[in-house]
Amino acid sequence: MLEDSDSKKASETKSQVEVAATLELKETSQTSLENDFILPFDGYIKPLEEVPDAVFSSRMMGDGFAIEPTNDILVSPIKGEVVSIFPTKHAICLKTEEGLEILIHVGLETVNLNGEGFTCLVEERQKVTQGTQLLKIDLDYIKENAKSTITPIIFTNLPEDSQIQVLKSGYNEQGTSNTIEITLKKR
């Protein structure tokens, strides 16, 4: 169950959030893959279990975490390419140069907004760097017309025995780097 965000915000101070991702691969020894990742929104980090949508909270689409955004510009967390933009502009798929695929799904049940409240700032197949502006969102409109502003960030093609581990939660600023570490481990 989600905590009341107003009481949580009041009790939290602005602190950096570290998100760690651990990939466990059967055939490799423990190595570290440098995969720079910055947070794409200002906001509150939440584990997927707290996302009030079973598709995300049960990890049907992959592992990850979520952000409850507090600003209106979504930026690219990675250097790579825009793979796809949903026709309703509520979700974007990115791919890192190493091939890691990331789905950023802005809000819940936002597909029903039919693109209202979203302005796309990039095109499919466009190369992006960290911080490239992807979407401008009308946060107030989404709050009023969708189930939630919570934004799942899903790593859709992690190896089967891999997981994302969220080490801390709380407020974090957009662009914060060194928040995710991907480690390949051999069993």
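Because the structure is a prediction, the values reported are computed rather than measured.
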When you compare the side chain of [Y] with that of [X], does any pair of heavy atoms fall below 4.5 Å?
| X | Y | result |
| --- | --- | --- |
| I153 | I102 | yes |
| L108 | F56 | yes |
| K46 | F65 | no |
| E101 | L94 | no |
| L103 | F86 | yes |
| F118 | D138 | no |
| L135 | V106 | yes |
| V75 | T132 | no |

Reported [atom1]-to-[atom2] distance for the pair [X] and [Y], which is rounded to 0.5 angstrom:
| X | Y | atom1 | atom2 | value |
| --- | --- | --- | --- | --- |
| N112 | T88 | CG | OG1 | 9.0 Å |
| S57 | L48 | OG | CG | 8.0 Å |
| D63 | F155 | CG | CZ | 8.5 Å |
| L100 | L158 | CG | CG | 6.0 Å |
| E50 | D53 | CD | CG | 14.5 Å |
| T151 | H90 | OG1 | NE2 | 10.5 Å |

Would you confirm whether [X], through its side chain, and [Y], through its main-chain N or O, come within 3.5 Å as a donor-acceptor pair?
| X | Y | answer |
| --- | --- | --- |
| D42 | Q174 | yes |
| Q126 | E123 | yes |
| E109 | K147 | no |

* **Worked verdict on L121 versus L134 for side-chain contact (heavy atoms from CB on, under 4.5 Å)** => CA-CA 5 Å; L121 305 173; L134 303 174; 5.9 Å; no
* Under a 4.5 Å side-chain heavy-atom rule over Ile, Leu, Val, Met, Phe, Trp and Tyr, are L139 and L39 clustered together? -> yes
* Can you get from I150 to M61 by hopping between Ile, Leu, Val, Met, Phe, Trp and Tyr side chains that sit under 4.5 Å apart? -> yes
* **Salt bridge flag under 4.0 Å for residues R59 and E49** => yes
* Asked: Stepwise, does the side-chain contact (heavy atoms from CB on, under 4.5 Å) test hold for V82 with I85?
  -> CA-CA 8 Å; V82 177; I85 302 166; 3.8 Å; yes
* To do: Please assess T70 against Y171 for the test side-chain contact (heavy atoms from CB on, under 4.5 Å), listing each intermediate value before the final yes or no.
  => CA-CA 9 Å; T70 59; Y171 179 84; 3.8 Å; yes
If every non-hydrogen atom of [X] is compared with every non-hydrogen atom of [Y], which pair is closest and at what distance?
| X | Y | result |
| --- | --- | --- |
| I78 | K95 | CD1-O, 3.8 Å |
| S76 | V128 | OG-CG2, 3.5 Å |
| Y141 | G117 | CD2-CA, 3.9 Å |
| T149 | K143 | CG2-CG, 3.5 Å |
| Q130 | P77 | NE2-O, 3.4 Å |
| I67 | G43 | CG2-CA, 4.0 Å |

* Give every residue pair that meets the salt bridge (Lys or Arg N to Asp or Glu O under 4.0 Å) criterion with at least one member in residues 72-84, sequence neighbours excluded. => D72-K136, K79-E97, E81-K127
